[in-house]
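Because only heavy atoms are used, hydrogens play no part in the values below, and waters and symmetry mates are left out as well, while side chains stay in.
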Amino acid sequence: MKRNLKYLPVKWILDGLARLPFGLLYCISDFIFLLLFYVVRYRRKVALKNISDSFPEKDEKEQKKILRQFYRNFADYFVETIKLGHISDEEMKRRMEFVGVEEIDKAFDRGRSVAIYFSHCGNWEWAPSISLWSRHKPSDKLVFSQVYRPLKNEWFDQYFLKLRSRFGSVSFDKKMVFRDLLKLKRDNILSITGFMSDQKPSHGDVGHIMMFLNHPTAIITGTETLARRLDMAVFYWDVDKPSRGHYRLTVKPIADHPGEMPMYSITDRYGRMLEETIRRNPAIWLWTHKRWKHPVEMPEDNAGQP
């Protein structure tokens with residue numbers, strides 16, 4: 001009760017902001033950009049180093065242009081996420097387009113659960129609106145879900161969980177996701193689950209290494225391992241941002257039966273597809289995370305990998 005009272009003004013502010021039209025929200029976003037980029041300078045050195053190291057072929061002017069546009073997109077992400085608290089299904093469909101959803105629907109028709117490789121591109125908080133595009137809807141026979149890491153602040157954790165459930169999806173704690181999905185499988189309940197697989201591997205992940213954005217990079221393998229163990233059809237969501245406040249996610253198949261593919265081939269393909277997404281529009285990726293804080297080296301047998 002004390003916690004709820006403490007955060008009551010925050011709730012009022014966020015609810016009020018969610019009711020504002022997008023035009024006003026983007027005015028607020030412009031102010032947030034100026035604050036983050038010029039005043040607070042939030043992780044600017046980290047972001048610029050990541051961009052310059054990833055695109056050494058671009059000159060300093062191009063790199064800084066990507067940096068500024070990234071922070072503009074980052075500010076948009078904040079207000080767009082708050083807007084989830086008060087947005088109609090119709091408006092969300094106008095702003096978040098899914099292309100190729102029929103491929104996922106066909107997997108459901110075959111009785112297959114689905115694993116989605118996703119990333120911190122565009123506005124990833126809008127991705128659960130996939131349920132608005134699929135022929136299949138959340139029910140006691142089909143679960144739409146995403147994997148998440150609980151926030152340390154319990155109030156904000158519950159706030160984001162509420163936003164992420166806006167279109168009927170549920171959130172599975174990363175530490176418990178295999179158990180939760182295994183239970184669904186045993187109960188003959190299909191699922192579609194989004195895995196944010198572009199961060200550095202967690203402790204205990206074997207961290208398959210590949211060349212990614214000009215860096216030897218340890219890639220999360222837990223997504224592939226889980227998809228193999230549960231025999232889930234695997235897809236990638238290719239993100240683009242045609243204009244401000246509008247995103248397009250294109251569904252791209254990776255593997256129908258992952259167990260039939262060589263180990264780590266799914267992870268490798270995801271890494272290559274994600275790199276193509278980022279190179280096409282570098283400013284939509286989350287450059288402020290310390291992806292290469294702990295450098296790794298390419299194994300000798302993969303040293304010549306492109």
Side-chain angles (χ1 to χ4, degrees), residues 6-52 54 61-88 91-92 94-97 118-129 146 148-164 166 196 198-199 239-249 277-278 281-291:
K6 176 182 178 182
Y7 285 100
L8 192 57
V10 179
K11 180 180 184 300
W12 289 339
I13 292 171
L14 293 175
D15 286 349
L17 289 173
R19 294 177 182 276
L20 295 177
F22 272 98
L24 286 178
L25 285 174
Y26 285 128
C27 289
I28 295 173
S29 175
D30 290 340
F31 173 76
I32 293 174
F33 160 70
L34 294 174
L35 190 65
L36 287 176
F37 192 76
Y38 291 106
V39 181
V40 179
R41 298 173 69 88
Y42 174 71
R43 293 194 175 187
R44 266 187 58 171
K45 289 183 179 180
V46 172
L48 183 57
K49 178 172 173 52
N50 283 342
I51 291 170
S52 60
S54 297
K61 182 178 179 180
E62 290 178 297
Q63 293 170 357
K64 289 186 175 180
K65 181 179 179 181
I66 293 171
L67 182 72
R68 285 192 297 273
Q69 188 57 52
F70 156 69
Y71 276 94
R72 289 190 179 277
N73 290 334
F74 195 32
D76 285 354
Y77 159 81
F78 285 117
V79 299
E80 290 170 355
T81 299
I82 291 172
K83 185 62 178 175
L84 281 172
H86 195 269
I87 188 172
S88 67
E91 183 162 24
M92 178 54 71
R94 288 196 299 270
R95 292 180 173 273
M96 191 69 159
E97 177 187 7
F118 196 36
S119 65
H120 292 86
C121 285
N123 192 324
W124 51 94
E125 301 292 355
W126 283 10
S129 62
Q146 57 274 332
Y148 85 111
R149 293 182 180 182
L151 300 175
K152 292 181 180 180
N153 183 293
E154 185 178 349
W155 190 90
F156 277 102
D157 186 58
Q158 292 301 311
Y159 171 74
F160 273 96
L161 286 176
K162 182 179 179 180
L163 294 184
R164 290 164 181 164
R166 167 65 181 80
M196 305 291 285
D198 58 338
Q199 300 288 66
V239 185
D240 204 358
K241 186 175 183 178
S243 61
R244 192 176 198 182
H246 294 84
Y247 301 91
R248 181 183 300 114
L249 269 67
T277 298
I278 296 168
N281 189 349
I284 66 171
W285 197 45
L286 183 62
W287 291 101
T288 51
H289 63 277
K290 298 180 180 180
R291 186 67 180 81

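In this structure, the side chains of H120 and Q199 come closer than 4.5 Å at one or more pairs of heavy atoms. Inter-residue side-chain proximity for K6 and W155 is flagged as unmet; no heavy-atom pair is nearer than 4.5 Å. No side-chain heavy atom of P128 sits under 4.5 Å from any side-chain heavy atom of R166. Using a 4.5 Å heavy-atom cutoff, the side chains of I82 and L163 are not in contact. You'll find the side chain of Y26 reaches within 4.5 Å of the side chain of E80, heavy atoms only. For the pair L35/I32, no side-chain contact is recorded, criterion being any heavy-atom separation below 4.5 Å from C-beta on.
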Which atom pairs, donor and acceptor, lie under 3.5 Å between side-chain atoms of residues 9-16 and protein residues at least two apart or in another chain?
{"unit_1": "K11", "atom_1": "NZ", "unit_2": "D15", "atom_2": "OD2", "d": "2.9"}

(request) Test E97 against L249 for side-chain contact (heavy atoms from CB on, under 4.5 Å), laying out the working first. (result) CA-CA 6 Å; E97 177 187 7; L249 269 67; over 6 Å; no
F70 and W285: ring-ring contact (aromatic ring centres under 6.0 Å, His included), yes or no, with the steps? CA-CA 7 Å; F70 156 69; W285 197 45; 9.3 Å; no
Would D76 and F22 count as a side-chain contact (heavy atoms from CB on, under 4.5 Å) here? Give the steps.
CA-CA 10 Å; D76 285 354; F22 272 98; over 6 Å; no
Between V46 and K290, is a side-chain contact (heavy atoms from CB on, under 4.5 Å) present by the stated rule, with each step listed? CA-CA 7 Å; V46 172; K290 298 180 180 180; 4.0 Å; yes
Practice task
List the steps, then state whether side-chain contact (heavy atoms from CB on, under 4.5 Å) holds for F160 with T81.
Solution key: CA-CA 9 Å; F160 273 96; T81 299; 3.8 Å; yes
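The side chain to side chain donor-acceptor pair (under 3.5 Å) test with K241 is passed by exactly one of N123, N73, N281: N73.
Ring to ring, F74 and F78 are close: their centroids are under 6.0 angstrom apart. Between W126 and Y247, the ring centre distance stays below 6.0 Å. Taking the six-membered ring where the residue is Trp, the centroids of Y71 and F37 are separated by under 6.0 Å.
For Y42, there are no ring pair (Phe, Tyr, Trp, His ring centres under 6.0 Å) partners, not counting sequence neighbours. Taking the side chain to side chain donor-acceptor pair (under 3.5 Å) definition, one finds that R291 meets it with nothing, sequence neighbours left out. Looking at residues two or more places apart in sequence or on another chain, you find no side chain to side chain donor-acceptor pair (under 3.5 Å) involving Y148. Partners of E62 by salt bridge (charged side-chain N to carboxylate O under 4.0 Å, His left out), not counting sequence neighbours: none found. Evaluation of the side chain to side chain donor-acceptor pair (under 3.5 Å) rule for K64 yields E60 as partners, not counting sequence neighbours.
Taking each heavy atom of R95 and G245 in turn, the nearest pair found is NH1-O, 3.1 Å. Scanning both residues, R43 and T288, for their nearest heavy atoms gives NH1-O, 3.0 Å. Residues Q63 and S52 approach most closely at OE1-CB, 3.3 Å, considering heavy atoms. Closest heavy-atom contact between S29 and V79: CB-CG2, 3.9 Å. Residues M92 and L84 approach most closely at CE-CD2, 3.6 Å, considering heavy atoms. For the residue pair T277 and I284, the shortest heavy atom distance occurs at CG2-CD1, 4.5 Å.
Ion pairing between K162 and D157 fails under the 4.0 Å rule for side-chain N and carboxylate O. Under a 4.0 Å N-O distance rule, the pair D30/R244 qualifies as a salt bridge.
Considering CZ of R41 and CG of L48, their distance stands at 10.0 Å, rounded to 0.5 Å. Between the CZ atom of F118 and the CE atom of M196 there is a distance of 5.5 Å, given to the nearest 0.5 Å. The line from CZ of F156 to CG of L161 is 13.5 Å long, rounded to the nearest 0.5 Å. Of the inter-residue distances, the one linking R72 atom CZ with L67 atom CG reads 11.5 Å to the nearest 0.5 angstrom. Atom CD of E125 is separated from atom OH of Y77 by 4.0 Å, given to the nearest 0.5 angstrom. Atoms CG and SG, on D198 and C121 in that order, are 6.5 Å from each other to the nearest 0.5 Å.
Side-chain atoms of Q158 and Y7 include no donor-acceptor pair closer than 3.5 Å. For the 3.5 Å distance criterion, the side chains of Y159 and E154 fail to qualify, holding no donor opposite an acceptor.
Under a 3.5 Å cut-off, the side chain of S88 and the backbone N or O of E91 do form a donor-acceptor pair. Counting only distance, with no hydrogens or angles, the side chain of D240 and the backbone of P242 share no donor-acceptor pair below 3.5 Å. At distances below 3.5 Å, not a single donor-acceptor pair connects side-chain atoms of K83 with backbone N or O atoms of L25. Counting only distance, with no hydrogens or angles, the side chain of S54 and the backbone of I51 share no donor-acceptor pair below 3.5 Å. Looking only at distances, no side-chain donor or acceptor of R44 sits under 3.5 Å from a matching main-chain atom of Y38.
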